[in-house]
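The model shown is predicted, which means the values in this text are computed figures rather than measured ones.
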Amino acid sequence: MKLGLQFLAILILCSCSITKLNYKPSKIFALERKGHIIQFNYTSTKFRHLELDPNNVKEVIKNSYNKTLNIISKNPNSEFINGFELIEKIRNETKQNFDLVVISGVPYGESDLKNLQIEQSIYKDYKILSAEELNNNTTFCRGFDNGILFVTLK
C-alpha cells in the first residue's frame with residue numbers, strides 16, 4: 001500500500017511537469033532565455049533561428065522537468081528557406097547589394113542569416129530603400145551606399 005502511494009505521488013509530480021502552451025513567440029523567447037531547450041518537431045534548435053507560420057503550429061509542449069519546449073507543426077513536411085539563400089535570391093533578382101537586411105523588423109547580419117530558417121508559406125514580399133532615399137532621411141545616422149532590404153513575412 002505504501003509503495004502504491006509513493007508511485008502515485010511520483011506519477012502526479014511528473015505529469016504536472018508537462019503542460020501545453022499557446023504559440024506565442026515572446027513567451028518562447030522568454031523561456032529560451034531562462035534556459036529551456038527549444039525543439040521543433042523533436043529536433044533541438046534556437047528559436048531565434050526560426051520564423052514559423054503560426055497557422056502551422058499544432059501544439060507547444062512545455063516539459064518543466066527536463067526544461068524543454070517542443071513546437072509541433074501541423075504539417076511536418078512544410079518547406080523552409082534559409083535566410084541567406086532568400087537574400088541571395090533577392091540579390092540575383094534585383095542585381096543589388098544591401099548594407100542592411102531587416103526581416104519582420106529585426107536586423108540581421110550575414111552569420112545570423114545563415115542560421116535563419118523561414119517557413120516558405122510566410123514569406124510575403126520585400127522592399128528596398130535606396131541609398132538616395134536613406135541619405136535624404138535624417139533619422140539615419142550614417143550613410144548607406146547600397147540601401148536597406150526589408151523583407152516582410154505574414
Side-chain angles (χ1 to χ4, degrees), residues 6-94 96-129 133-134 137 139-142 144 146-154:
Q6 288 174 340
F7 179 73
L8 184 61
I10 291 172
L11 183 63
I12 290 171
L13 288 173
C14 289
S15 67
C16 293
S17 67
I18 297 175
T19 55
K20 290 187 180 181
L21 304 174
N22 291 328
Y23 178 72
K24 293 185 179 176
S26 60
K27 177 119 176 137
I28 294 171
F29 278 121
L31 289 169
E32 186 175 42
R33 281 191 303 274
K34 290 180 181 177
H36 280 72
I37 297 167
I38 307 301
Q39 298 175 330
F40 179 67
N41 290 334
Y42 302 102
T43 302
S44 291
T45 188
K46 299 284 185 195
F47 190 66
R48 69 178 180 269
H49 295 160
L50 285 176
E51 287 288 346
L52 300 175
D53 180 356
N55 297 321
N56 191 30
V57 175
K58 180 179 178 181
E59 61 186 349
V60 179
I61 303 169
K62 177 185 173 189
N63 186 327
S64 298
Y65 180 73
N66 63 12
K67 290 189 88 170
T68 59
L69 192 85
N70 196 0
I71 303 166
I72 310 294
S73 65
K74 291 176 185 173
N75 177 7
N77 298 322
S78 59
E79 295 190 22
F80 285 80
I81 186 167
N82 177 275
F84 185 78
E85 291 171 5
L86 175 62
I87 302 312
E88 284 299 306
K89 181 178 163 185
I90 294 170
R91 275 188 183 128
N92 290 335
E93 186 178 301
T94 63
Q96 284 187 257
N97 286 318
F98 316 106
D99 291 322
L100 182 63
V101 174
V102 178
I103 300 174
S104 287
V106 178
Y108 283 90
E110 193 169 313
S111 62
D112 293 327
L113 285 170
K114 289 180 181 177
N115 293 320
L116 182 65
Q117 296 296 314
I118 302 169
E119 201 164 357
Q120 286 189 356
S121 63
I122 64 170
Y123 171 69
K124 187 176 178 183
D125 200 7
Y126 68 88
K127 179 178 179 167
I128 302 168
L129 289 180
E133 290 172 301
L134 291 168
N137 188 334
T139 61
F140 291 98
C141 58
R142 73 171 189 105
F144 289 91
N146 297 313
I148 298 177
L149 172 66
F150 290 93
V151 176
T152 307
L153 304 178
K154 293 179 188 173

Flag, side chain of K154 to backbone of D53, donor-acceptor distance under 3.5 Å: no
Mark yes or no for whether N56, through its side chain, and N75, through its backbone, hold a donor-acceptor pair below 3.5 Å. yes
Would you say [X] and [Y] make side-chain contact, with heavy atoms under 4.5 Å?
X: Y126; Y: L86; result: no
X: I103; Y: L113; result: yes
X: N70; Y: N63; result: no
X: K74; Y: V57; result: no
X: L21; Y: L69; result: yes
X: N41; Y: I72; result: yes
X: K127; Y: T152; result: no
X: Y23; Y: I28; result: yes

Which heavy atom of [X] sits nearest to which heavy atom of [Y], and what is that distance?
X: T94; Y: F98; answer: OG1-CZ, 3.9 Å
X: Q120; Y: I81; answer: NE2-CB, 3.6 Å
X: E119; Y: S78; answer: OE2-OG, 3.1 Å
X: I128; Y: L149; answer: CG1-CD1, 3.8 Å
X: I118; Y: G83; answer: CD1-CA, 4.3 Å
X: Y123; Y: D125; answer: CE1-O, 4.0 Å

With sequence neighbours excluded, tell me which residues meet salt bridge (charged side-chain N to carboxylate O under 4.0 Å, His left out) with E59. K20
Salt bridge (charged side-chain N to carboxylate O under 4.0 Å, His left out) involving E88 - partner list, sequence neighbours excluded: R91
Which is it for V151 and I90 under the side chain to side chain contact (heavy atoms under 4.5 Å, CB included) test, yes or no, and what are the steps along the way? CA-CA 10 Å; V151 176; I90 294 170; 4.3 Å; yes
[atom1]-[atom2] distance between [X] and [Y], expressed to the nearest 0.5 angstrom:
X: R48; Y: D112; atom1: CZ; atom2: CG; value: 7.5 Å
X: S121; Y: E79; atom1: OG; atom2: CD; value: 10.0 Å
X: I148; Y: L129; atom1: CD1; atom2: CG; value: 6.5 Å
X: L31; Y: I38; atom1: CG; atom2: CD1; value: 6.5 Å
X: N82; Y: Q117; atom1: CG; atom2: CD; value: 5.0 Å

Would you mind listing every salt bridge (Lys or Arg N to Asp or Glu O under 4.0 Å) that reaches into residues 25-47, with sequence neighbours excluded?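 Sorted pair list comes back empty.
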Please say whether the positively charged group of K114, taken as NZ for Lys or CZ for Arg, lies over the ring of F84, i.e. under 6.0 angstrom from the six-membered ring centre and within 45 degrees of the axis.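 Ring-cation test returns yes.
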Ring centroids only, cut at 6.0 angstrom: are F40 and F80 within range, meaning strictly under it?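 Aromatic pair counts; centres sit under 6.0 Å.
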Is there a side chain to side chain contact (heavy atoms under 4.5 Å, CB included) between S73 and K58? Walk through the geometry before answering. CA-CA 5 Å; S73 65; K58 180 179 178 181; 5.9 Å; no
